[in-house]
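Proteins get letters first, then strands, A, B, ... in listed order; numbering begins at 1 in each.
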Protein chains: 2
Amino acid sequence: MQSYTEENYLKTIYHLAERTTNVQTNAIAEQMQTKPASVTDMIKKLADKGLVDYIKYQGVTLTETGKNTAIDIVRKHRLWEVFLVDKLNFKWDEVHDVAEELEHIRSVELIERLDEFLGFPKADPHGDPIPDKNGRFAKTQFIKLIELKVGDSGTITGVSQHSSAFLKHLEKLGLTLGKQIQVSDVTDFDGSVEIRLSDKQVNISREVAKHILISSNGKN
Amino acid sequence: MQSYTEENYLKTIYHLAERTTNVQTNAIAEQMQTKPASVTDMIKKLADKGLVDYIKYQGVTLTETGKNTAIDIVRKHRLWEVFLVDKLNFKWDEVHDVAEELEHIRSVELIERLDEFLGFPKADPHGDPIPDKNGRFAKTQFIKLIELKVGDSGTITGVSQHSSAFLKHLEKLGLTLGKQIQVSDVTDFDGSVEIRLSDKQVNISREVAKHILISSNGKN
DNA sequence: TTAAATTTTTAGGTAAATCTAAAAATTTTT
DNA sequence: AAAAATTTTTAGATTTACCTAAAAATTTAA
């Protein structure tokens, strides 16, 4: 059984490991809003418990056990987000902090029943996949909107940026999950993208387009 | 903002204060499964924060602020219990420990929306009243089953014992909240009580009868 | 391939919440 | 109203998760 803090470290390491193999001390410290010295302390503790592999100065990787623990926390976080949005009518930009607390509630029974109550959702309100109780993720096939060519179309199925500002912006533009879109133009000048929705056209910056994930429905 | 531990102390003191005015160090220690010395330390801290009034060797009482904080935790605990039973199909004897964790989640928005989602319940699955968001309790008029005379009838509206063993026992006998009952006999020998339900008769010990709360529907 | 910059670790400390053992105050009993 | 029993507090440690400052290792640049 881990403390909340240990769980948060494991989760952070898990997410950082999606980009790099060996996760660096400084990266963890920045993510967790703490100091590198504190991270070193905790890493040693997690290594003693067999949750991470650690070689001095070489960063950490999660062990099988550590990874399973992290995935379980991710599962809980995402299920609670679905609960907050689907049942309590929170907006997708309001759920992160509360889920950050709820994810640490320890009861296997609770999460299984919650999962069932929610209808075994496969993705959270931002389109991130929810692992099943065995830690397995459904395969997802995303492509970044920025990579689409003029004329390509697809469905918005996720975002790779969870900041409230970004999510509110998308909401305002009508770019929410499930929306059908087609790229109608890409501006030479700044790379901004013009998008056709069922009922309107909107223009988004390159930066925004980078963080919208599309599941293409056939095409090119 | 209090730590989980501080919240638990406040809640414990609140419940103990329902029976005695000045709450004793030892009583808190026993309830919280800790040592009196630890309680003294924490009491000092709570006193410094203005959450309890404390005179050495004289026990503690909650201040207005302390009491409000405690009531807020009680509110959260009971709302989560309703959620667990009504929405996730937990039994009334299974919810306590999980609610004990959930009660510490800090989000006013969450609790208000949960309250609404649950239909603003007035009582938890054990019949305990749920304070509203201003900390006010609906007036309740309970009488212990043991105090009823032969012939008296009423509705089971609460229990004053939350142990799993007790609750499972009641469940098995069919003595659940909302059931109409009438006292058909009281045994001289051991004070056990015979109860008529709509479809059957059951016999319960004095000890059990002490912990069943009845709202009388007119009578005697 | 040294020097400089960066990253990481070590050493030594702090605050929160706990503990044990012993001292002090209060309450109960005789 | 002493003596005995009980309750409560103090004193001094421990553990967890932090911190700062300085040392050590690694990486990057000159």
Side-chain angles (χ1 to χ4, degrees), chain A residues 1-17 19-62 66 69-70 73 100-101 103-104 106, chain B residues 1-17 19-62 66 69-70 73 100-101 103-104 106:
Chain A
M1 175 136 298
Q2 291 78 226
S3 68
Y4 283 18
T5 309
E6 287 169 344
E7 289 188 353
N8 283 331
Y9 270 91
L10 292 174
K11 187 184 58 166
T12 297
I13 294 166
Y14 175 78
H15 286 308
L16 289 170
R19 314 215 134 266
T20 47
T21 322
N22 273 47
V23 179
Q24 302 196 115
T25 304
N26 267 2
I28 299 170
E30 190 186 1
Q31 193 68 29
M32 299 206 55
Q33 312 250 63
T34 185
K35 305 291 162 177
S38 308
V39 174
T40 303
D41 282 352
M42 181 55 83
I43 280 172
K44 283 180 185 165
K45 190 177 169 190
L46 294 174
D48 286 347
K49 291 192 173 190
L51 296 164
V52 300
D53 289 320
Y54 168 57
I55 306 167
K56 268 193 197 176
Y57 294 98
Q58 303 303 128
V60 282
T61 51
L62 293 172
T69 307
I73 298 160
E100 206 75 354
E101 288 196 60
E103 72 189 4
H104 298 292
R106 279 174 232 287
Chain B
M1 176 132 301
Q2 290 78 227
S3 68
Y4 283 18
T5 309
E6 287 169 344
E7 289 188 351
N8 283 330
Y9 271 91
L10 292 174
K11 188 184 56 165
T12 297
I13 295 166
Y14 175 79
H15 286 309
L16 289 170
R19 315 214 134 267
T20 46
T21 323
N22 274 47
V23 178
Q24 301 195 117
T25 304
N26 267 2
I28 300 170
E30 190 185 0
Q31 193 66 30
M32 299 205 56
Q33 310 250 61
T34 183
K35 304 291 162 179
S38 309
V39 174
T40 302
D41 283 350
M42 180 55 84
I43 280 173
K44 283 181 185 164
K45 190 178 170 190
L46 295 174
D48 286 347
K49 291 192 174 188
L51 296 165
V52 300
D53 290 320
Y54 167 57
I55 307 168
K56 268 191 200 177
Y57 294 98
Q58 302 304 129
V60 283
T61 51
L62 293 172
T69 306
I73 298 159
E100 206 76 351
E101 287 196 60
E103 72 190 4
H104 298 292
R106 279 174 231 288

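Tyr4(B) comes within contact range of no nucleotide atom at all, as no heavy-atom separation falls under 4.0 Å.
Atom OG of residue Ser3(A) and atom NE2 of residue His104(A) lie 9.0 Å apart, to the nearest 0.5 angstrom. The CG atom of Leu51(B) sits 10.5 Å away from the CE atom of Met42(B) when rounded to the nearest 0.5 Å. We find the CG-OG1 distance between Leu16(B) and Thr61(B) to be 13.0 Å, quoted to the nearest 0.5 Å. Rounded to the nearest 0.5 angstrom, Ile13(A) CD1 and Asn8(A) CG are separated by 11.0 Å. In this structure, the separation between CD1 on Ile28(A) and NE2 on His15(A) is 13.0 Å, given to the nearest 0.5 Å.
Partners of Ala70(A) under the side chain to side chain contact (heavy atoms under 4.5 Å, CB included) rule, at least two apart in sequence or in another chain, are Leu10(A), Tyr14(A), Leu62(A). When the side-chain hydrogen bond (donor to acceptor under 3.5 Å, both in side chains) test is applied to Glu103(B), the partners found at least two apart in sequence or on another chain are Lys11(B), His77(B). Residues satisfying the side chain to side chain contact (heavy atoms under 4.5 Å, CB included) criterion with Ala17(A), sequence neighbours excluded, are Val23(A). Under the side-chain hydrogen bond (donor to acceptor under 3.5 Å, both in side chains) criterion, Gln2(A) pairs with no residue, sequence neighbours left out.
For residues 21-32 of chain B, there are no side-chain hydrogen bond (donor to acceptor under 3.5 Å, both in side chains) pairs, not counting sequence neighbours. Each side-chain hydrogen bond (donor to acceptor under 3.5 Å, both in side chains) pair with one or both residues in residues 46-59 of chain A, not counting sequence neighbours, appears once here: Glu6(A)-Lys49(A).
For dC19(D), the OP1/OP2 oxygens have a side-chain nitrogen or oxygen of Thr34(A) closer than 4.0 Å. Considering only side-chain N and O atoms, Tyr9(A) lies under 4.0 angstrom from the phosphate OP1 or OP2 of dC18(D). For Lys35(B), no side-chain nitrogen or oxygen approaches OP1 or OP2 of dT8(D) to under 4.0 Å.
In this entry the distance linking CD of Gln2(A) with P of dT15(D) reads 20 Å, nearest Å. Distance Lys56(A) NZ to dA23(D) P: 17 Å, rounded to the nearest Å. Rounded to a whole Å, the CG atom of Asn22(B) is 14 Å from the C1' atom of dT8(D).
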Could I get a table of every N or O pair under 3.5 Å where one atom is in the protein and the other is in nucleotides 1-7 of chain D?
none

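Non-hydrogen atoms lying under 4.0 Å from DNA chain D are contributed by Ala37(B), Thr40(B), Lys44(B), all within residues 37-44 of chain B.
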For DNA chain C, the expected dot-bracket line (Watson-Crick or G-U under 3.5 Å, [ ] crossing, | inter-strand) is ||||||||||||||||||||||||||||||
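Annotation: of the two residues near DNA chain D, Ser3(A) and Pro36(B), the 5′-most nearest-nucleotide partner is Pro36(B).
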